[in-house]
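Working notes for the structure below.
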Amino acid sequence: MTINLYNTLTREVSEFVPLLPGKASIYLCGATVQGAPHIGHIRSGVNFDILRRWLTHEGFDVTFIRNVTDIDDKILHKAVHENIPWWAVAMKYEQAFTWAYQRLNVLSPTYEPRATGHITQMVELMQILIDNGSAYAPGNGDVYLSVRSLKSYLTLSNQKLDDLQSADDSEETFKKDPRDFALWKGAKPGDPSWPTPWGPGRPGWHLECSAMAHAYLGAEFDIHGGGLDLIFPHHENEIAQSQSAGWGFAKVWMHNAWVTASGEKMSKSLGNSLLVSEIVQKVRGIELRWYLGSAHYRSMMEFSFEALEETVVNFRRIEGFLFRAEELLGAQPGSDISPAFAAAMNDDLAVPAGLAEISELLRQGNTAVTANDLAMIASTAAQIRGALQILGCDPFDPAFAVDESSSHSAMDGLVSLALAQREAARARKDFAAADAIRDQILELGILIEDTPSGPRWTLVR
RNA sequence: GGUGGAGUGGCCGAGAGGCGAGGCUCAGGACUGCAAAUCCUGCCACACGGGUUCAAAUCCCGUCUCCACCUCCA
């Protein structure tokens, strides 16, 4: 079975052919840690986590690099604003991202390099670029890439250099061409800086990704990912830097679309950003992940609490079936991938089509529960669980465990006592008393359901 | 000005020439002491105007609306 992926570079879906058989190297642009993550940031993490899990499932040995850009203008501004050192700002928000990734069961990358830990590699890259004439240091501490000297530029965004709206910063007197971009920024008083042959300074925005991708994945690698808004300028400039250095760089470019609110891209400046930390007050991490992963990664997602609640209902049905299956089977369901789900994932990660398959399996599984067909329950539950594992939403995954096993068993004892009372009332046809017990327990957040194999209870939260 | 994307039923959300996407909600039915859960049935939409075709949500032409990027961005 072949995996087909959309490549922004070619603008078509094509078969994924790794550089090295059986291996997949992925570089994902992670966070610039200048603020707490909103659900748009974490959607990117979830989308590419699904890609990684699928490739891994298909037998690829995946090396997944997701960087942290821990030095940039906004971090420095924030440091002044919050009156703490810039590195404390970076650490604070890096930890906020890590917390959010863990909360949503986004797997840790194979390695998570920080920009400030790779100054040496950046200086080496700049040296190459200056030596071969692609870049220049005008003498003020800055280093620029000369975009007019490139054999090709803007291939990813399909733009023409002269069609770009000109930058309105007329004071850029050190640039040979207004489109040239800074690889390195000379130190200003009070700024953090690192020594270079061209004077002390700090990295420009794009240099770190070229340097770190090269350091961990080599001159050429399989997939480079990130949000749609990184295509220009960030990814164009990464390509410019890396290819000018003679590196082949990424073969496939993948970009996830945004989460929008009222039709507009989520951003701090618009004041419409929804922090992960806020949403997980309302729904569980697994439920937020289910929601964020449910739309195709290349489609814009219009966020609303109504839509979120709606998919949560859907998820709880699925989860409920798996728990039910566990009770009936006496063990957690196994893990399997149905052909239809595999076909969906191989088609450029068509999660919505995969969800339709899960719905079909759920229907079959529930019918099997009614018929007490254990073999059917086992097979459908395994296929549903397998699909959920790819989506990172396996309710049995320890990542989502709330660690309530001891209290849960105590509660089970208490609820059993009440249920015994209710069963006694039902036996003597005292339904008023039986219903009263059920209603009182429901008010405590515990739902009682009568099934052919006796009453069962679940927390409704 | 340049580049790219979107408009689908009450709502979310796929599809990209013919075959029911799916989910949520709602209505009816089965099951149940009543519920809950579950299953079955129904609700048959593709911004607008033309065109191509045996057949168009899907292709072509035109129009409208919205969003994004153009050196801060997931």
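Every chain is numbered from 1, with letters handed out A, B, ... down the list of sequences.
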Give me the distance, rounded to whole Å, that separates B:rU25 from B:rC34 when you measure between the C1' atoms they each carry.
24 Å

Does the gap between the ring centers of A:Tyr216 and A:His118 come in under 6.0 Å?
yes

Check the distance between B:rA37's C1' and A:Arg316's CZ and give it to me in whole angstrom.
15 Å

Set of residues satisfying salt bridge (charged side-chain N to carboxylate O under 4.0 Å, His left out) with respect to A:Arg11, sequence neighbours excluded
none

5' to 3', nucleotides 1-7 of chain B under a 4.0 Å protein heavy-atom cut-off (B base, S sugar-phosphate only, - none) gives BBSS---

In terms of side-chain heavy atoms, does A:Ser210 have a donor or acceptor partner in A:Gln241 at a distance below 3.5 Å?
yes

Rounded C1' spacing from B:rC66 to B:rA55 in Å
32 Å

Aromatic ring proximity, centroids under 6.0 angstrom, A:His206 and A:His235:
no

I need the full list of side chain to side chain donor-acceptor pair (under 3.5 Å) pairs touching residues 97-109 of chain A, with sequence neighbours left out, sorted by first then second residue.
A:Asn105-A:Asp397

Side chain of A:Arg363, heavy atoms from C-beta onward: which of B:rA14, B:rC40, B:rA68 has the nearest atom to it?
B:rC40

Report yes if the distance between the aromatic ring centroids of A:Tyr291 and A:Phe305 is under 6.0 Å, otherwise no.
no

Can A:Asp72 and A:Arg202 be said to form a side chain to side chain contact (heavy atoms under 4.5 Å, CB included), step by step?
CA-CA 8 Å; A:Asp72 92 317; A:Arg202 61 188 173 86; 5.5 Å; no

Please list, in numerical order, the residues of residues 88-106 of chain A that have a heavy atom closer than 4.0 Å to any atom of RNA chain B.
none

Whole angstrom is fine here: how far is it from CG in A:Asp450 over to P in B:rC34?
11 Å

Check: A:Phe249 ring centroid to A:Phe221 ring centroid under 6.0 Å:
yes

If a stem is a run of at least 3 consecutive Watson-Crick or G-U pairs, both distances under 3.5 Å, which stems include RNA chain B?
B:1-7 with B:64-70, B:10-12 with B:22-24, B:26-30 with B:38-42, B:47-51 with B:59-63

What's the gap between B:rC46 and B:rU8 when it is taken at their P atoms, as a whole Å value?
10 Å

Holding to side-chain hydrogen bond (donor to acceptor under 3.5 Å, both in side chains), I want the full list of residues that pass it with A:Thr260, two or more places apart in sequence or in another chain.
A:Glu302

Got a sec, which residues hit side-chain hydrogen bond (donor to acceptor under 3.5 Å, both in side chains) with A:Trp198, two or more places apart in sequence or on another chain?
none

Return the set of residues passing side-chain hydrogen bond (donor to acceptor under 3.5 Å, both in side chains) with A:Tyr27 (not counting sequence neighbours), or none when no residue passes.
A:Asn67

Let me have the donor-acceptor pairs involving side chains of residues 427-447 of chain A, under 3.5 Å, with sequence neighbours excluded, atom names and distances please.
{"unit_1": "A:Asp430", "atom_1": "OD1", "unit_2": "A:Ala433", "atom_2": "N", "d": "3.3"}
{"unit_1": "A:Asp435", "atom_1": "OD1", "unit_2": "A:Arg438", "atom_2": "NH2", "d": "3.4"}

For atom C1', what is the distance between B:rA45 and B:rG20, given to the nearest Å?
13 Å

Partner residues of A:Glu326 under the side-chain hydrogen bond (donor to acceptor under 3.5 Å, both in side chains) criterion, sequence neighbours left out:
none

Mind listing the N/O atom pairs, protein and nucleotides 43-45 of chain B, below 3.5 Å?
none

Spacing between A:Phe232 atom CZ and B:rA74 atom C1', to the nearest angstrom:
18 Å

Encode nucleotides 22-27 of chain B as B, S and - characters from 5' to 3', where the letter depends on protein heavy atoms closer than 4.0 Å: B to the base, S only to sugar-phosphate, - to neither.
SBB---

With rounding to the closest Å, how many angstrom separate the C1' atoms on B:rG13 and B:rA57?
15 Å

Please measure how far the C1' atom in B:rC43 lies from the corresponding atom in B:rG28, and state the result in whole Å.
11 Å

Check: A:Arg179 side chain, B:rC70 base, donor-acceptor under 3.5 Å
no

Counting distance only, does the side-chain N/O of A:Glu287 pair as donor-acceptor with the main-chain N or O of A:Arg284 below 3.5 Å?
yes

Between B:rC60 and B:rA6 - P atom distance, rounded Å
13 Å

Between B:rU53 and B:rG42 - P atom distance, rounded Å:
36 Å

Using the side-chain heavy atoms of A:His41, tell me which of these nucleotides is nearest: B:rA74, B:rU71, B:rC39.
B:rA74

Does the base of B:rC67 carry an N or O that pairs as donor and acceptor with the side chain of A:Lys265 under 3.5 Å?
no

